[in-house]
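Each remark here refers to the structure printed beneath this line.
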Amino acid sequence: MFASQLKMDRRLHEDASDRHPYIETFFEYSESFGGGNRILVVLENKKGDIFQKDFLYKLNDATQDLFYIPGVARHTVTSLWTPNTRFHRGDGRRIGSG
């Protein structure tokens with residue numbers, strides 16, 4: 001899997017001027033996404049919703065691959081397959097979460 005070959009490189013702004021539009025955008029939004037050392041990975045099921053057996057297996061595999069990349073802060077990995085995932089539900093009269 002390609003994700004398991006990712007490496008962190010913090011030198012984004014060393015190669016460009018602080019006034020470059022990409023760097024300005026980076027500084028504007030980096031804290032909204034947990035800082036500049038964060039990678040967001042999104043998986044999309046193009047064959048239906050996410051609650052399909054094949055998709056859930058792929059999501060689990062991707063989660064495991066990302067979880068064990070050297071240098072990853074494992075407590076920050078969030079997926080349907082990690083214990084730090086929260087849920088909210090409502091039935092029209094009350095709201096619950098867990």
Side-chain angles (χ1 to χ4, degrees):
M1 176 171 264
F2 177 75
S4 64
Q5 299 172 22
L6 291 174
K7 305 245 186 303
M8 296 298 287
D9 185 350
R10 301 171 22 135
R11 298 175 296 158
L12 172 67
H13 60 282
E14 290 178 11
D15 296 330
S17 164
D18 285 346
R19 286 181 251 144
H20 189 284
Y22 294 159
I23 302 304
E24 289 177 353
T25 301
F26 167 76
F27 284 125
E28 181 178 352
Y29 293 103
S30 67
E31 290 308 312
S32 298
F33 295 99
N37 294 327
R38 177 127 358 215
I39 298 172
L40 300 176
V41 177
V42 178
L43 299 182
E44 175 185 7
N45 185 5
K46 294 186 178 186
K47 299 178 182 175
D49 62 32
I50 64 170
F51 300 105
Q52 305 296 317
K53 185 177 181 179
D54 290 343
F55 180 77
L56 289 172
Y57 278 120
K58 288 178 184 176
L59 179 60
N60 184 46
D61 291 344
T63 300
Q64 296 300 313
D65 288 345
L66 292 168
F67 193 82
Y68 290 106
I69 292 174
V72 166
R74 293 187 175 107
H75 69 281
T76 66
V77 175
T78 304
S79 166
L80 288 175
W81 295 103
T82 58
N84 60 353
T85 299
R86 306 289 297 167
F87 69 89
H88 302 282
R89 66 175 177 264
D91 65 6
R93 293 181 301 183
R94 47 184 186 244
I95 296 175
S97 63

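What you see below is based on every heavy atom in this structure, not just the backbone, and it leaves out hydrogens, waters and symmetry mates. Count residues from 1 along the sequence.
- Note that the CZ atom of R74 and the CD1 atom of I69 stand 10.0 Å from one another [nearest 0.5 Å].
- For the atom pair CD of Q64 and CG of L59, the computed distance is 10.0 Å after rounding to the nearest 0.5 Å.
- Of the possible polar contacts, one joining the W81 side chain to the L56 backbone as a donor-acceptor pair under 3.5 Å is found.
- Here I95 contributes atom CD1 and H88 contributes atom NE2; the two are 9.5 Å apart, rounded to the nearest 0.5 Å.
- Under the side chain to side chain donor-acceptor pair (under 3.5 Å) criterion, R94 pairs with D91, not counting sequence neighbours.
- V72 has its side chain within reach of V77: a pair of non-hydrogen atoms, C-beta onward, lies under 4.5 Å apart.
- Considering OG of S79 and CG of L66, their distance stands at 9.0 Å, rounded to 0.5 Å.
- In this structure T82 satisfies the side chain to side chain donor-acceptor pair (under 3.5 Å) test together with N84, T85, sequence neighbours excluded.
- Listed by first then second residue, pairs satisfying side chain to side chain donor-acceptor pair (under 3.5 Å) with a partner in residues 39-51 read D49-Q52, not counting sequence neighbours.
- F55 and Y57 are members of different hydrophobic clusters when ILVMFWY side chains are connected at heavy-atom separations under 4.5 Å.
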